[in-house]
Protein chains: 2
Amino acid sequence: MSAKSDPGRSLALLWGSHTRPGRSGLTIRAIVDAAIELADAEGLDAATMRRVADKIGVGTMSLYTHVPGKTELNDLMVDTVIGELYTGVDDPAGHGGWREGLRYVAERNWDLSLRHPWLLDATGGRPTLGPHAVLKYEAELRVLDGIGLTDLQMDSVLTLVLTHVEGVARSHAGLARAQRDSGLTETEWWRATAPVLERVMTGHDFPVAGRVGEASSQVYQASADPAHAFAFGLDVILDGVQRLIDAPR
Amino acid sequence: MSAKSDPGRSLALLWGSHTRPGRSGLTIRAIVDAAIELADAEGLDAATMRRVADKIGVGTMSLYTHVPGKTELNDLMVDTVIGELYTGVDDPAGHGGWREGLRYVAERNWDLSLRHPWLLDATGGRPTLGPHAVLKYEAELRVLDGIGLTDLQMDSVLTLVLTHVEGVARSHAGLARAQRDSGLTETEWWRATAPVLERVMTGHDFPVAGRVGEASSQVYQASADPAHAFAFGLDVILDGVQRLIDAPR
DNA sequence: ATCCGTTGGCGTACACCGTACGGTACAGGC
DNA sequence: GCCTGTACCGTACGGTGTACGCCAACGGAT
């Protein structure tokens with residue numbers, strides 16, 4: 001039983017106050033904020049222990065006095081930005097019926113992923129279960145409370161919507177990163193790739209893919225449009241949920 | 001204009017035959033296969049250039065004679081395992097109506113992600129557009145051809161289903177990795193975490209989250225069940241697509 | 001006022017990573 | 001038999017997370 005994956009230690013850290021300063025004024029909050037700023041500006045990979053420490057002006061290893069390791073720092077970063085979601089009285093359940101509420105939940109999560117694209121890289125695996133994550137879960141579930149769904153269905157519907165948002169947000173973040181790394185906009189890349197692809201595909205036959213691919217790429221000037229995928233998928237999912245409410249299985 | 005992100009070079013590599021051996025019999029195919037074996041066994045992080053070379057029995061830098069860099073090797077790995085999907089006459093469009101076909105597509109992609117969890121880490125960003133990826137796109141689109149959807153809707157519906165599968169598969173892979181790294185099964189982890197979470201949450205009030213969270217965690221003996229999320233979400237999405245077909249917008 | 005145990009801060013070191021660079025030795029054309 | 005192109009590879013560089021051990025400053029007891 002190693003101390004490596006002790007859930008209690010990580011949870012206590014997450015639910016702590018993070019305000020007690022050390023000798024040089026070093027605080028958990030300051031460490032987390034610096035790491036978030038770095039990740040916002042240059043991606044999660046840029047939030048290395050060395051660069052976080054440099055940004056604050058302390059030695060690298062001083063961070064380990066306040067944070068057990070990189071993993072726990074990531075957890076703290078995640079729960080901190082989740083705190084941006086529903087602050088105070090901004091209750092998703094007060095936005096009309098379940099459909100408007102669910103749409104609001106999806107849009108707020110989408111916005112959050114646009115502000116902090118690294119969130120998608122930092123999550124995955126066991127959930128974080130920090131205070132803001134639990135608050136988020138509560139606020140989002142309230143949207144679906146009392147409309148005729150079982151508790152399990154409420155959880156499943158919420159998970160479905162959040163999975164959809166996470167998927168399209170990941171797609172968006174991936175394209176944005178590719179654009180930054182390559183220096184080519186999506187349109188430029190597609191203009192450069194399409195002719196090469198067409199030439200290399202000569203001899204093979206893809207009737208449907210050719211027709212559909214050309215149609216959608218002409219509309220988006222690219223190979224995919226995450227914003228459209230977000231809206232289209234959300235509409236379809238909400239229609240499916242409507243059916244679930246109308247005709248419970 | 002650097003050669004770093006030249007789409008033509010990467011495409012030519014993907015559509016090549018990969019069979020011409022060098023002096024010591026070193027082949028692109030052998031390199032890719034070794035990398036896939038490593039990634040299957042220990043995750044994408046284990047497929048380092050050094051370990052791939054060691055596995056084949058050549059020097060690390062010899063790989064760079066056949067592959068421009070790690071990025072291109074990843075692309076080759078991805079397109080290679082995508083080739084496992086619809087081999088030969090196994091056509092998703094021959095599985096009944098669009099609903100059964102779409103379900104078949106979802107299940108085959110789900111299976112593939114279970115066999116090669118690293119796929120989810122290797123994709124993202126611009127699509128790979130190798131021969132097997134294009135073949136997959138064609139085969140999957142045929143399921144939706146001629147049922148009253150526009151070309152754009154066909155592409156959007158397919159994207160929606162694949163995004164859903166990718167999302168729940170990523171969730172599954174994350175939990176599996178957490179289980180391997182921590183040595184705790186999902187049930188064990190939840191049994192260890194739940195009481196701590198309950199104690200740390202005393203003083204706060206989460207009525208709906210408490211009720212729903214307890215209900216679902218009692219069913220799954222965990223905090224989430226990707227297999228259930230896969231099935232539930234797919235049903236809801238298919239219902240929503242049904243509505244789209246019935247009442248085009 | 002002095003001493004001492006505790007603790008915050010940090011410098012160094014280790015084992016990894018991708019890959020740029022330059023050297024070596026072999027295969028095939030003449 | 002010689003020459004040349006290239007397959008192969010050893011070394012090195014700058015990066016990563018963090019284990020370990022040292023130092024200095026603080027708080028409390030005497």
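Reckoned from all heavy atoms, side chains included, excluding hydrogens, waters and symmetry mates. Chain identifiers are assigned alphabetically (A, B, ...) following the order of the sequence lines, protein sequences preceding nucleic acid strands; residue numbering begins at 1 within each chain.
Between A:Asn109 and A:Glu140, the side chains place a donor N or O and an acceptor N or O closer than 3.5 Å (distance only, hydrogens not considered).
Taking atom NE2 on A:His66 and atom P on D:dT18, their separation rounds to 16 Å, with Å as the unit. One can place CD1 of B:Ile28 at 11 Å from P of D:dC8, the figure rounded to the nearest angstrom. What separates CG of A:Leu26 from C1' of C:dT7 is a distance of 14 Å, to the nearest Å. Put simply, CD on A:Glu72 is 8 Å from P on D:dT18, counting in whole angstrom units. Here the P atom of nucleotide D:dC8 and the OH atom of B:Tyr64 are 15 Å apart, to the nearest Å. Summarising the geometry, the separation between CG on B:Asp54 and P on C:dG18 is reported as 12 Å, rounded to the nearest angstrom. For B:Leu73 and C:dG18, the CG to C1' distance is 12 Å, given to the nearest whole Å. We find that CD1 of A:Ile31 is positioned 13 Å from P of D:dT18, with the value rounded to whole Å.
Proximity note for B:Met49 (side chain, C-beta onward) versus D:dG17, D:dT16, C:dT19: the nearest is C:dT19. The side chain of B:Met61 approaches D:dT11 more closely than any other nucleotide in the set D:dT11, C:dG11, D:dG17. With C:dC17, D:dT18, C:dC10 as the candidates, the nucleotide lying closest to the side chain of A:Lys70 is D:dT18. Closest to the A:Ser62 side chain, of the nucleotides D:dC8, C:dG9, D:dT16, is C:dG9.
For a distance-only test at 3.5 Å, the side chain of B:Arg50 qualifies as a donor-acceptor partner of the base of C:dG18.
Taking CD1 from B:Ile56 and CG from B:Asp33, the interatomic distance works out to 9.0 Å, rounded to the nearest 0.5 Å.
The shortest non-hydrogen separation linking A:Arg126 to B:Ser182 is NH1-OG, 3.2 Å.
Of the side-chain N and O atoms in A:Thr60, none sit less than 4.0 angstrom from OP1 or OP2 of C:dC10.
As judged by a 4.0 angstrom heavy-atom cut-off over every strand, A:Thr48 is placed among residues touching the sugar-phosphate backbone only.
Residues B:Arg51 and B:Glu42 are paired through a salt bridge, judged by an N-O separation under 4.0 Å between the basic side chain and the carboxylate.
Residues forming a salt bridge (charged side-chain N to carboxylate O under 4.0 Å, His left out) with A:Arg115 (at least two apart in sequence, or on another chain): A:Glu84.
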